[in-house]
Amino acid sequence: MKTLNKALVIAWKDILSETRTKEIISSVLIFAILVIVIFNFAFSGSQQTMISLAPGILWVTFAFAGVLSLNRAFIQEKDDDCLEGLMVCPVSRETIYLGKMLGSLFFMLFIEAIVLPVFALLFNVNVISLPLITITVLTTIGFVAVGTLFSALAVNTKAREMVLPILFFPIVTPIIISAVSASGLALGGESWGSITYWLGIIAAFDVIFLVVSYLVFSFVIEE
Amino acid sequence: MKIKILLGVSSVFMLVALYMVFIFAPDTESGVVQRIFYFHIPLAWIAFLAFFVVFGSSIMYLWKRDKKWDAIASSSAEVGLVFTTLFLLTGSIWAKPEWGVWWTWDSRLTSSLILWLIYIAYFIVRSYISEEGQRARFSSVIGIIGFIDVPIVVITIFLWRTTHPRIEAMDPRVTATLMVSIAAFTALYLLLFAQRIAMKQDEDKLNKLKAFLRR
Amino acid sequence: MKATTNERAVEVKGLTKSFGNHLALGGIDFIVEPGKTLAIFGPNGAGKTTLIKILASIMKPTAGEVFINGLDLNHNAEDIRSQIGIVSHQTFLYGNLTAYENLLFYCRMYDVADFKQRILQVVSMVGMQYRLHDRIGTLSRGMQQRLSIARCLLHKPSIVLLDEPETGLDQQATSMLWGALREDGAKKRTIIFTSHSLERGLNACDDLIILNRGKIAHRQPSMDLGLAGLKKAYQNCTGAGDENPE
């Protein structure tokens, strides 16, 4: 309970800081919308082709947006020289991971909550449905679980922003595939039955990577 | 000494394997190109073995903090990466006459490619870190996470699509050839692996000497 | 420097830290009694910051033991952290947040009761009560450093670690620093600090250590020698011609 409590304090601090600058949310949001617009130029086609392409476009957008926003998670701590300040607080390293993860999760979900309606509007596909929202939330948890760990790792290397995408994309391939497949089924009006199958894979990925990242996080920040 | 024995063993096995692959093993309907499978399968298996060694020694490093384990993990990753590259190449050479294309987004090809990309990332990150302890810690984390990801990648992609041939009942001569070939490549892996570790140990000794002289 | 077990605020035994082949600390031993102040001098790269980081549990030692208020740092790191305050050349304050929000954040992390009152208390100790609602990014380095001292005192630590605490502080703030840090109600705080300046360091400490290349090159109660004696000892230990310029 104490862990969760302190993690929420860390997440609250990140969110408060973000409300001042709106650095992550505004730039990532604009970036996501730009990606959608570019895809629209790249694949202009009939309504039918658009529906079959929509899941792919949506998840490429979210994956790119995710990398962009996750990159910021630790760069801010590093630039303010505050990571050590967190490390001298009487909380475990795992609490710091959880706090940073919850903060990033909030930002990602916030961005997705705006991008999804914009996407629905621009592509004229109905992405605002319970199955799609479930897929989005579950996949985003997987993204930030791995992303927070790699973000902390990347910020300590010489090529900060370069490292996160190189590590992040191959590792999250399984959930991207699952999310695209599940979203395709959901957009095609399939029932929950066939979707839950993919949701199961995404959930399994979430659990495995939350646990493993939680366990190894201290090795990334502590010398 | 160990290395000399390994060199001898792997040379003998390699020669026997070559003989068996090209002369002893029977022809199949797909012709000579099918024989690449005696290289392809051992390479793939040993690559997995190598990455498993990376996984195990990465855990050992984080636990013991002994740089010996980092040398073992990174050496095994190097050999694993070379073997993965080779099995992707041999697969591609086989696919061209068989399927008419060099590459297809089949499940095993795709998951092997992801595997290859994960360990490329492993080495890119290593190259970006100059401090030894940090490099070892970070690559251990990647070695663990990367390996845990592999089964999930394989399952997901398998559900997604597959056209890869399955191994069916085989001629005993084919089985024998395959086994010898696997033995040969295992010996080769051990040889390269031992060689790399020895090299890293020498490098470390040299660095220690340098640090000592600088004092 | 002898003390019985219950009189040890900080005890360090055989502390070693190496980065690859570079030995940053090679077997450090010392004891600090409660309420005493220990100064650590040494040239750049002597291992001062590494030592402070290990005591603050930011870094893990390669070998050796650290006991703080009788607790083993390897096993009770979280409990120990709540009894330690640290001020370093990094302020640990977030530039986008106001001074108050920063202090509020740390109050929550350290479970400080009556936080509103405590925040007012510590900021008036460092004379920053009029800039409480300014963003950290808009404040000068010296002001940030004062707030960093306030942050360090929020949870009433019994032991304070200072790594070059005088960075960016003016004369008035420096004397304020020592005044604010020393007193913990009726009790005196245990302080370990590093410094480049032999002169100012000598005035502030009870005991002192000179570190050179990761080893203790000299140790002495400060009473036993004057500034000239310390300068001479420092020269002998480090081979440096003069104390480092600031």
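Small disclaimer: the values here were computed from a predicted structure and weren't measured. Here is how names work: the chains are called A, B, and so on, in the same order as the sequence lines, proteins then strands, and each is numbered from 1.
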Query - Short N-O contact, Glu78(C) and Lys2(A), less than 4.0 angstrom - result: yes
*Do Glu101(C) and Arg20(A) meet the salt-bridge criterion of a basic N to acidic O distance under 4.0 Å?*
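Salt bridge present between Arg20(A) and Glu101(C).
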Measure the spacing between [atom1] of [X] and [atom2] of [Y] and express it to the nearest 0.5 Å.
X: Phe92(C); Y: Leu83(A); atom1: CZ; atom2: CG; answer: 9.5 Å
X: Arg93(A); Y: Ser57(C); atom1: CZ; atom2: OG; answer: 5.5 Å
X: Asp80(A); Y: Leu93(C); atom1: CG; atom2: CG; answer: 9.0 Å
X: Cys89(A); Y: Tyr106(C); atom1: SG; atom2: OH; answer: 5.5 Å

Notebook entry, point to check: Is there a side chain to side chain donor-acceptor pair (under 3.5 Å) between Gln76(A) and Tyr94(C) once you walk through the steps?
Noted result: CA-CA 9 Å; Gln76(A) 214 144 37; Tyr94(C) 293 90; over 6 Å; no
One option among His155(C), Arg135(C), Lys17(C), Gln83(C) has the most heavy-atom pairs under 4.5 Å with chain A, and it is Arg135(C)
Residue, of Ser88(C), Gly137(C), Ser82(C), Gly85(C), that accumulates the most heavy atom pairs under 4.5 Å with chain A: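 Of Ser88(C), Gly137(C), Ser82(C), Gly85(C), Ser82(C) has the most heavy-atom pairs under 4.5 Å with chain A.
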With a 4.5 angstrom heavy-atom cut-off, is it the side chain or the backbone of [X] that approaches chain A, or both, or neither?
X: Asp111(C); value: both
X: Ser148(C); value: neither
X: Ile84(C); value: neither

Practice problem: Tell me, for Ser17(A) versus chain C, whether the close heavy atoms (under 4.5 Å) come from the side chain, the backbone, both or neither. | Solution: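 Both parts, backbone and side chain.
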Under 4.5 Å to a heavy atom of chain C? For Ile221(A) that would be neither
| field | Within-4.5 Å side-chain heavy-atom neighbours: Leu16(A) and Phe105(C) | value | no
For Phe110(A), I'd like to know if atom CZ has over 12 heavy atoms of other residues, nucleotides or ligands within 6.0 Å. no
